[in-house]
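Working notes, beginning with the structure itself.
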Number of protein chains: 2
Amino acid sequence: MTLTYAILALLVDFPQSGYDLTKSFAGSIGFFWKATHQQIYRELARLEDKQWIHAEAIAQDGRPDKKLYRLSETGRAALMKWIVEPCEMAPVKDELLIKVFVGELVSCTKLLQELERHRQLHQKKLATYLDLEQRFFPQPELLPLARKYRYVTLRQGIRYEQEWLAWCDETIQFLSAEVAVSVEA
Amino acid sequence: MTLTYAILALLVDFPQSGYDLTKSFAGSIGFFWKATHQQIYRELARLEDKQWIHAEAIAQDGRPDKKLYRLSETGRAALMKWIVEPCEMAPVKDELLIKVFVGELVSCTKLLQELERHRQLHQKKLATYLDLEQRFFPQPELLPLARKYRYVTLRQGIRYEQEWLAWCDETIQFLSAEVAVSVEA
DNA sequence: ATTGCTTATGCAATAAATTGCATTTGATCA
DNA sequence: TGATCAAATGCAATTTATTGCATAAGCAAT
């Protein structure tokens, strides 16, 4: 399961609790792999079972105890082995495109509104990514190796959002002509 | 469930059997929503239960019988209702990016090989899409409305693959410098 | 005081996806 | 004549994911 390795990957740099990981899945790796806290806790239990990670209970003043999970040597080895295995291209799963695919069933104006909304969502996400790029990855050539790898995944996010934005623009323009015509008639 | 509506969408133009649908999911809508025959048959049973589709048994000479499923009025209405509901941006789920994210754990050369492989996969897919565009969507402005909608979803596929290709190129170049350095040393 | 938020974890039930197997009929090929 | 492939459908078991709920402890604000 990929989630397994996404978690291991997040534990490479430093140990984290289930709660921490849940947060991490909101940023960094979460930009290309989502997981809920339920999935994470279940998976952590399994990983501990396999001894790929080790838990350390941390008593905290105030907060409830937390379990800090640390990548074990076996876990690190498993991760390394997984990384070099070839993988498939990610299958696309996109609701919006299904809707557009049979868009002729509903009002074009309605669809255009939804496209405009998505345009804005993508623009916002792009802005977030560009901000991260500026703040954390200035002069990418000078970064240490590990940061370079993080950087290129961010670049993928940026390009992806730019692509969507461009498509939304193109499509909105293309379909707007359609509305104009039906108003004329 | 989105699969529900993906199937309904495929039945808009003409009735199809489970087997036909499985094929359709390899092309057209399958470019942005995948489904196995198991999922499809199960979902067809449910949809018939709900009366969103109606089956008609077709005796064939030679082949086993097939059940042709036709979209009902209720089904069509349900589809229309779904289309105009706003939806989320598709969450990205990409194994390759997780691997790259912690790429420093393995040999850079190995990673570059995998990136090159993906570059080729994307190139191939792009070629398929471009071919479809040329063959089925010449002069897009002149297409009837329904075809225009199909067309713009193909455009999204094209742009998506182009984006990936560009990222692979950028990344391979960026990381190649790294290998060059380590060879020098 | 009580309401609500954040940190922190998890159970239980349901829903969905995946995987392996199984069947029927004919066509094709060696 | 036996093997295998394509069309066509489906059951059963397992694995994953989702959803709703639950707890516990402190902090902040009204």
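Letters A, B, ... mirror the listed sequences (proteins, then strands); counts begin at 1. A quick note: this is a predicted structure, and the numbers were derived from the prediction, not measured.
Distance, A:Q39 CD to C:dA17 P: 14 Å, rounded to whole Å. Rounded to whole angstrom, the span from the OH atom of B:Y41 across to the P atom of D:dA8 amounts to 8 Å. Between B:H37 atom NE2 and C:dT19 atom P there is a gap of 12 Å when expressed in whole angstrom units. Atom CZ in B:R46 sits roughly 8 Å away from atom C1' in C:dA15 (whole-Å rounding). Per the geometry, CD belonging to A:Q16 stands 16 Å off C1' belonging to C:dT9, to the nearest Å. Rounded to whole Å, the distance from CG on B:L44 to C1' on C:dA16 is 16 Å. If you take NZ of A:K66 and C1' of D:dA25, they are 15 Å apart, rounded to a whole angstrom. The distance from atom NZ of B:K67 to atom C1' of D:dA7 is 16 Å, rounded to the nearest whole Å.
Contact annotation: B:K23 side-chain N/O to D:dA7 OP1/OP2 distance is under 4.0 Å. Close to C:dT7, at under 4.0 Å from its OP1 or OP2, lies a side-chain N or O of A:Y19. A:S17 has a side-chain polar atom (N or O) that falls below the 4.0 Å cut-off from OP1 or OP2 of C:dT9.
Counting all heavy atoms, side chain and backbone alike, A:E116 lies closest to A:I172 at OE1-CD1, 3.6 Å.
Looking at heavy-atom distances under 4.0 Å, A:T22 makes no contact with the nucleic acid at all. Across all strands shown, B:K34 has no heavy atoms under 4.0 Å from either base or sugar-phosphate atoms.
Judged by closest nucleotide on DNA chain D, B:D20 is the one of B:D20 and B:K93 placed further toward the 5' end.
A cation-pi geometry, defined here as NZ or CZ lying under 6.0 Å from the six-membered ring centre and within 45° of its normal, does not hold between B:K66 and B:Y19.
For A:M1, whose side chain is taken as the heavy atoms from C-beta onward, the closest listed nucleotide among C:dA16, D:dA17, C:dG10 is D:dA17.
Classification of the B:H118-B:H122 ring pair by plane angle, with boundaries at 30° and 60°, yields tilted.
Checking each of B:L11, B:I7, B:L10, B:L8 against B:Y69 for a side chain to side chain contact (heavy atoms under 4.5 Å, CB included) leaves exactly one that passes, namely B:L11.
Residues B:Q123 and B:R119 bring a donor and an acceptor atom of their side chains to less than 3.5 Å of each other.
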